[in-house]
Amino acid sequence: MTALSHVKLGTYYVVHMPEPDDFAFWRERARQLVQCDVPPDRVAWVEPGGNGSLFSHGDKRLPVPEDDKQIIRASKRFLSIAKNVCHHSDPERFSLLYAMLWRLQSNPRLMEDKADSQVRRLEDMDKSVRRDAHKMHAFVRFRMVEDDEGNEHYVAWFEPDHHIVRREAGFFVRRFANMHWSILTPRGCIHWDGETLRESGPAQKSDAPQGDPAEDLWRKYYASIFNPARLKIGAMLKEMPRKYWKNMPEAALIPELVAGAQKRESEMVDAGASLFGSEFEDRPETLAAIDKAIHGCRKCPIGNLDNQAVMGEGPDNAALMIVGEQPGDQEDQTGKPFVGPAGQVLDAALAQAGIERRETYVTNAVKHFKYVQRGKRRLHQSPTAKEIDVCRWWHEAERAIVKPKVVLALGASAARAMLGKTVSISKVRGEPLALDDGSELWVTAHPSYLLRLDGDAKAEQERLFAADLAAVKDRLAQLAQ
């Protein structure tokens, strides 16, 4: 560590930090200054390399508090944020922290004031440090080199925004405990030999290797898992800013992959269109044809269980289509949708809302009952996202024939089947969502969810469920005018 000095010049004190990220040292000196009643505007904090020449003469000691047992107020939230802020690159961070500590003595709950400019600034700095640490975890790329004795050593180059290298060393030690590695940065380097962690001074990018044979394999793997259908450039750049690309071998492929995303997506769609083989190239044109076809469908593991497909039920011109998750045990035995306990809850709620079930088309997102056998019992299992997506072929065929004005999805699985993505029921319920065919999608909970609740939670969810059905009833009346 560098030599420490605390210099008094008139009524001003200068604290020379031994390291740019030494929270323990800052905390000790800040506590001492508060105990001596030294206000923030009388203290200068100088980090290593800072210009302290103006204060190079005078008293070498900080004032000694008369009562070193004085209680210093500092909330847990402040201390948690301060530990991170000490790693920030802002040269004013230590002064800002001391100013906040000073204010906490008269207002212990100051950190709860989101409108306070200093509180907001500290929170922003805390967030920036944590984000920088996350990027270091995600974007450090090791390249293999051989030392003079032919031993493998892995070296990475990284450019952090803040003083996080020593702070994050433990993460890499735990993750790569059996490797010998070095992480080089402009702010200092860390080295691990399998037993000892060592630090060294700043490095230049030219000190790091530029590639190794394994990178070709890594690039091929990255290209193979790139999904053009999920490409969101804005989100990608937010999570993986361009500044990190130059250190990531796979980043060289990104422009080409993005440019060809539309073509690759079209190829994926074409491949998906023939998912069911020549037997189902065209969707059935009648509900009876769909019923016949789903009994022969074995395109996902659920269809290969000891069960039977359950077709939707209701008028082929219903204004309302209700979509559940999948048949249950009783539905599988009877071959009809929503005849078990959840169906009874649904029937009662529909009657209360004034919706005639016999005028409604009721079906499921997945056509077979997924279960696990436990003795003589078959226990329900939720379908996977892939299984839901595969079965979209069938309920989309049903919807194309029925042409409902409103589709009510019961539960998250049914909502995914309609939208092609997972959504939170609490965020989308109560408002219509437009579907590609011009119909409206409304989302609510699945009746089976209500059966698992009791007490106040059950009463509240039953109220919300009834309100959702009432809103659907009102919307159907509006569309009928």
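- Going from atom CG of Leu97 over to atom CZ of Phe78 covers 5.0 Å, rounded to the nearest 0.5 Å.
- At distances below 3.5 Å, at least one donor-acceptor pair connects side-chain atoms of Asn307 with backbone N or O atoms of Ile302.
- A donor-acceptor contact closer than 3.5 angstrom is absent between the side chains of Thr363 and His395.
- Under a 3.5 Å cut-off, the side chain of Arg392 and the backbone N or O of Ala417 do form a donor-acceptor pair.
- Judged purely by distance below 3.5 Å, without hydrogens or angles, the side chains of Gln478 and Asp474 never pair a donor atom with an acceptor atom.
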Check against salt bridge (charged side-chain N to carboxylate O under 4.0 Å, His left out), Asp389 and Arg416
CA-CA 8 Å; Asp389 293 344; Arg416 179 186 174 84; 2.9 Å; yes
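- For the pair Asp113 (side chain) and Ala115 (backbone), a donor-acceptor distance under 3.5 Å is present.
- A donor and an acceptor atom, one from each side chain of Arg167 and Asn84, are located under 3.5 Å apart.
- No side-chain donor-acceptor contact under 3.5 Å links Trp394 and Glu396.
- Side chains of Ser182 and His153: a donor on one and an acceptor on the other come within 3.5 Å.
- Gln118 and Arg121 share no side-chain donor-acceptor pair at under 3.5 Å.
- Between the side chains of Glu152 and Tyr154, at least one donor N or O lies within less than 3.5 Å of an accepting N or O.
- Between His162 and His87, the distance from one ring center to the other does not fall under 6.0 angstrom.
- Looking at Glu398 and Tyr361, their side chains do bring a donor and an acceptor atom within 3.5 Å of each other.
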Tyr449/Arg452 under side chain to side chain contact (heavy atoms under 4.5 Å, CB included): CA gap, chis, key distance, verdict
CA-CA 5 Å; Tyr449 173 62; Arg452 298 194 295 270; 3.6 Å; yes
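- For the side-chain contact (heavy atoms from CB on, under 4.5 Å) test with Leu184, the passing option among Lys205, Glu159, His191 is His191; the others fail.
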Run the side chain to side chain contact (heavy atoms under 4.5 Å, CB included) test on Asn317 and Val402 for me, step by step, so that the C-alpha distance in whole Å, both residues' side-chain angles and the decisive distance to 0.1 Å come before the verdict.
CA-CA 5 Å; Asn317 61 349; Val402 177; 6.0 Å; no
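- Side-chain contact of His137 with Glu168: a donor-acceptor pair under 3.5 Å is present, judged by distance alone.
- The side-chain contact (heavy atoms from CB on, under 4.5 Å) with Asp332 is formed by just one residue from the set Gln326, His368, Arg378; it is Arg378.
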Side chain to side chain contact (heavy atoms under 4.5 Å, CB included) for Asp329 and Tyr371? Distances and angles first, verdict last.
CA-CA 8 Å; Asp329 182 69; Tyr371 64 90; over 6 Å; no
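- The main-chain N or O of Leu450 is found under 3.5 Å from a side-chain atom of Lys458 such that the two form a donor-acceptor pair.
- At distances below 3.5 Å, not a single donor-acceptor pair connects side-chain atoms of Lys299 with backbone N or O atoms of Val390.
- Under 4.0 Å is where a charged nitrogen must lie from a carboxylate oxygen, and between Arg120 and Asp116 no such pair does.
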Arg475/Glu440 under salt bridge (charged side-chain N to carboxylate O under 4.0 Å, His left out): CA gap, chis, key distance, verdict:
CA-CA 10 Å; Arg475 184 55 179 159; Glu440 292 182 0; 2.6 Å; yes
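- Between the side chain of Thr360 and the main chain of Val362, no donor-acceptor pair closer than 3.5 Å is present.
- Checked for salt-bridge contact, Lys403 and Asp437 miss the test: no charged N lies under 4.0 Å from a carboxylate O.
- For the residue pair Glu387/Thr384, the side-chain donor-acceptor check at 3.5 Å is satisfied.
- Distance CD1/Ile355 to CG/Leu408: 7.5 Å, rounded to 0.5 Å.
- Salt bridge status for Glu331 with Lys336: absent, with no side-chain N to carboxylate O gap under 4.0 Å.
- Side-chain atoms of Arg73 do not come within 3.5 Å of backbone N or O of Leu104 as any donor-acceptor pair.
- The closest donor-acceptor contact from the side chain of His163 to the backbone of Asp21 lies at 3.5 Å or more, if one exists at all.
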Passes side chain to side chain contact (heavy atoms under 4.5 Å, CB included), Leu305 versus Phe369? Steps please.
CA-CA 8 Å; Leu305 296 173; Phe369 175 40; over 6 Å; no
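- Side-chain N or O atoms of Gln373 include one that pairs as donor or acceptor with a backbone N or O of Arg377 at under 3.5 Å.
- Side-chain atoms of Arg93 come within 3.5 Å of backbone N or O of Asp90 as a donor-acceptor pair.
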